[in-house]
Amino acid sequence: MRIIADLHLHSRFSRSCSKDLTISNIAKACELKGINMVGTADALHPEWRKEIGELLELRDGAYYLKDGSSKTAFILSTEVACIYKRHDKVRRLHHVLYFPDLEAVDKTITALNERGRNLRSDGRPILGMDSEDLLKMLLEIDERILLVPAHAWTPWFAIFGSKSGFDSIEECFGDYSKYIYAIETGLSSDPVMNWRISALDNVFLISNSDAHSCNNLGREANVFEMEKPSYDEFRRILIEHDLSKFLETIEFFPEEGKYHADGCAGCKFWCEPEKSKKLAGRCPKCGKLLTIGVLSRVSDLADRDPNPTKPISAVPFRHVVPLKELIADSFGKRPQAKAVILEYERMVSLAGEFAILLDMAEKELLELTSPEIATGILRMRTGNVCVRPGYDGIYGEIHVYADEDRSKQVGLF
Ligand SMILES: [Zn+2]
Ligand SMILES: [Zn+2]
């Protein structure tokens, strides 16, 4: 069966995350979106770990709600922050960890407690540990544990981040690089951008939502072919680089991410990499250093030209815009507007969000919703969108309608 998997999100115990992130709410949201397999997030946090143990049980390869109220499969996961010095520079990296079972989670908690790490203050714990040492420790605990560098290109907290990271997987993980089977592209980069770096041809580029609220679940995801949701099969696909079972990834338009272009949020100024080089990396309005975005950083490390052909070892992908944003765009309203939420809820109660965004034929879309929303979905599928890129922590904007389209559709609902 086709398994849509979102494997990086947070619980309500992570800093600046919504209180709605309970296990049962996550399971419910996954059903509405059409996500089959989801990370538990935050598995090393003592209180959340306790809830996981109380509410979920291991059944046939994945964890499920004991009360049987949802078909959503959970994989034990967490994000950790590693902040440490290497080669005289401070490194700040986020990694996503995956565990085969609760025993491996508990052994990891014990090992980190013994090293005096504080797991209680944040669902995404800060470990003052070198990434290579962390991976070594995890593999000694259980060789089935996986580590995937998170949102690999974001400036502040990532393996290739302009302010925080390294120039290669080898520089970061040394002898343990061979255990890095995948990196997460993050919202601000997509596979085509990553294909410019030939050194990444032998790792999978995975995509997850990094959701801080149920609403954002599945904004990026991975699509696998599996008999059933399964940790072991997920691990096998990564380790064996099994292209026949990793069907595709679902991606944001990378311009929509918060760190795509270079810019200065205070001055609402953004620019492309060439321009910021001409400006010597300084904001022309306030003179401060620009935050160098993902596009610049990828160009700096690239050994291939922009828009390279797809490497044979790469997984196909599709760009999507969250359905709520498409509805909002067709109404000319914000995604939080009442009318938008009502139409969204009506639509996803009839078909899962991913079925609507990815699968439904034009005729079915027209039966489900208005011609304008259906048109928006079709335009998204063909990449017929207008873009204002994100920069310096400000999300980009993607529009499927120009203002003149919208003025034609009064009194629809
Ligand atoms: Zn992170
Ligand atoms: Zn400025």
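Both counts, for ligands and for their atoms, begin at 1 and track the order of listing. What you see is a predicted model; the values in this text were computed from it and never measured.
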Quick check: does Glu79 have an N/O/S atom under 2.8 Å of the Zn ion (ligand 1)? yes

Please say whether more than 12 non-hydrogen atoms of neighbouring residues, nucleotides or ligands are located less than 6.0 Å from CG in Asp303. yes

Suppose you place the vertex at the Zn ion (ligand 2); what is the angle out to Cys286 SG and Cys267 SG, to 10°? 100°

Regarding Arg91 and the six-membered ring of Phe166, is the cationic atom NZ or CZ under 6.0 Å from the ring centre and inside 45° of its axis? yes

How would you list, by chain and number, every residue that makes a salt bridge (charged side-chain N to carboxylate O under 4.0 Å, His left out) with Arg304, sequence neighbours excluded? Asp201

Glu47: partners by salt bridge (charged side-chain N to carboxylate O under 4.0 Å, His left out), with sequence neighbours left out: none

Closest N/O/S atom of His94 to the Zn ion (ligand 1), by atom name? ND1

Using a cut-off of strictly less than 2.8 Å, determine whether His151 has an N/O/S atom near the Zn ion (ligand 1). yes

